[in-house]
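Data first, discussion second: the structure below is written as structure tokens.
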Amino acid sequence: IVEQFENQICAFTGAKYSVAVINGTSALHLALLSIGTNVEDEILIPSLTFVATGNAVKYCFANPHFVESEEKTLGIDCQKLLEYLKKIAIKKKNITYNKYTGKRIRGLIAVHVLGNIGNIEILQEISKLYNLFIIEDSAEALGSWKNNKHAGLFGDVACLSFNGNKIITTGGGGMIITNSEIIAKKAKHLSTT
């Protein structure tokens, strides 16, 4: 039944792979591990989010690094993020570091608050510029589309939630979706071991 549900989520969203987990927080945690988050990495997250986003980063012994949210989309303010990174980021051999903490800035988590996908294309450009991964916290975005693409398929990996307050509920539960076979295999291994 779990595999059938995973297949249905893939069919609905267009993702190549999905991995069912116990809840959305676990999905975020495993997504961070599956994409290679290391101890002491800095992960950029919006200031407007649910506590699970920051907790998942802390579960990896990494550092949530809060950035500005914008009023229109409720997501990361791309202009302020770019200005901020220009001030704090330095690149060494294609790795971005925070020049004030000395820690690697590994990636960012875009949160699609209330299903608003926001300026994800600009976040993609910024992430390429600074060699950052993108995890999409799509817990509230099942059924949200932008330019014929489902929420969660713009970045490297995304997380869904099936908690009691979500579009589809199983009373709990979560899902990782991705088009990367490597990420999917690692997430499946971690979720079943």
Side-chain angles (χ1 to χ4, degrees), residues 3-21 24-32 34-37 43-46 48-50 52-53 56 67-82 85 106-163 165-170 173-188 191:
E3 187 176 322
Q4 182 181 5
F5 186 42
E6 290 171 339
N7 291 337
Q8 289 172 333
I9 290 295
C10 283
F12 179 74
T13 62
K16 291 182 182 177
Y17 307 98
S18 62
V19 178
V21 294
T25 305
S26 179
L28 284 165
H29 182 203
L30 291 184
L32 284 159
S34 297
I35 207 156
T37 301
I43 309 298
L44 304 168
I45 65 174
L48 178 62
T49 188
F50 182 63
T53 312
V67 296
E68 290 292 329
S69 295
E70 67 172 347
E71 191 174 324
K72 184 177 179 184
T73 67
L74 307 176
I76 292 174
D77 186 315
C78 296
Q79 182 62 38
K80 288 183 180 176
L81 174 64
L82 190 56
L85 286 171
R106 182 70 176 99
L108 63 88
I109 300 176
V111 180
H112 303 316
V113 178
L114 302 174
N116 293 306
I117 296 175
N119 297 314
I120 193 71
E121 298 90 351
I122 297 171
L123 286 177
Q124 288 174 310
E125 291 174 19
I126 294 169
S127 72
K128 285 180 188 169
L129 185 62
Y130 287 95
N131 301 310
L132 307 174
F133 64 67
I134 297 177
I135 294 176
E136 292 178 72
D137 182 340
S138 302
E140 297 181 351
L142 184 61
S144 292
W145 301 80
K146 187 172 188 181
N147 300 326
N148 295 317
K149 194 180 236 186
H150 194 276
L153 299 180
F154 293 89
D156 299 285
V157 61
C159 306
L160 303 173
S161 173
F162 305 109
N163 193 24
N165 63 338
K166 299 305 187 283
I167 299 296
I168 294 176
T169 182
T170 55
M175 188 84 64
I176 294 168
I177 61 172
T178 184
N179 285 328
S180 166
E181 183 178 9
I182 294 168
I183 293 171
K185 283 183 175 181
K186 189 164 184 182
K188 188 67 152 182
S191 72

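Please read all numbers here as calculations on a predicted model, not as lab measurements.
Between E121 and K146, at least one side-chain nitrogen of the basic residue sits less than 4.0 Å from a carboxylate oxygen of the acidic one, meeting the salt-bridge criterion.
Between L108 and Y130, the closest side-chain pair of non-hydrogen atoms is not below 4.5 Å. With contacts defined as side-chain heavy-atom distances shorter than 4.5 Å, the pair I43/R106 qualifies. With a 4.5 Å cut-off on side-chain heavy atoms, V19 and L30 do not count as touching. Inter-residue side-chain proximity for F133 and L32 is flagged as met; some heavy-atom pair is nearer than 4.5 Å. Residues H112 and I120 have side chains in contact (heavy-atom distance under 4.5 Å, counting atoms from C-beta outward). Contact annotation: the side chain of L153 never approaches that of W145 to less than 4.5 Å [non-hydrogen atoms, C-beta and beyond]. Side-chain contact between I126 and I76 is absent, with no heavy atoms from C-beta onward closer than 4.5 Å. Side-chain contact between E70 and L48 is absent, with no heavy-atom pair separated by less than 4.5 Å.
Few gaps surround CG on L129; more than 12 heavy atoms of other groups in view lie less than 6.0 Å from it. The local environment of NZ in K16 is sparse, with at most 12 non-hydrogen atoms from other residues, nucleotides or ligands closer than 6.0 Å.
D156 contributes no side-chain N or O that, together with a main-chain N or O of I135, makes up a donor-acceptor pair within less than 3.5 Å. Side-chain atoms of E136 come within 3.5 Å of backbone N or O of G155 as a donor-acceptor pair. With T178 contributing its side chain and V157 its backbone, the two residues share no donor-acceptor pair below 3.5 Å. For Q124 (side chain) and F154 (main-chain N/O), a donor-acceptor pair under 3.5 Å exists by modelled atom type. For T73 (side chain) and G118 (main-chain N/O), no donor-acceptor pair under 3.5 Å exists by modelled atom type. Formation of a donor-acceptor pair under 3.5 Å by the S161 side chain with backbone atoms of A139 is not found in this model.
Distance check: T37 OG1 to I109 CD1 gives 7.5 Å after rounding to the nearest 0.5 Å. In this structure, the separation between OG1 on T25 and CG on D137 is 8.5 Å, given to the nearest 0.5 Å. For the atom pair OG of S191 and NZ of K186, the computed distance is 13.0 Å after rounding to the nearest 0.5 Å. In this structure, I176 CD1 and L160 CG are separated by 9.5 Å, a value rounded to the nearest 0.5 Å. In this structure, the separation between OG1 on T53 and CG on L28 is 5.5 Å, given to the nearest 0.5 Å. In this structure, I35 CD1 and I183 CD1 are separated by 4.0 Å, a value rounded to the nearest 0.5 Å.
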* Under the side chain to side chain contact (heavy atoms under 4.5 Å, CB included) rule, what do L81 and L123 come out as? Steps first, then yes or no, please. => CA-CA 9 Å; L81 174 64; L123 286 177; 3.7 Å; yes

* Step by step, would you call V21 with H29 a side chain to side chain contact (heavy atoms under 4.5 Å, CB included)? -> CA-CA 10 Å; V21 294; H29 182 203; over 6 Å; no

* Take L142 and T13 through the test side chain to side chain contact (heavy atoms under 4.5 Å, CB included) and record every step on the way to the result. => CA-CA 8 Å; L142 184 61; T13 62; 4.1 Å; yes

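When every heavy atom of I177 is checked against every heavy atom of A151, the shortest pair comes out as CD1-O, 3.9 Å. Annotation for C159 and A31: closest pair SG-CB, 3.8 Å, computed over non-hydrogen atoms. The minimum heavy-atom distance linking A184 with Y17 is given by the pair CB-CB, 3.4 Å.
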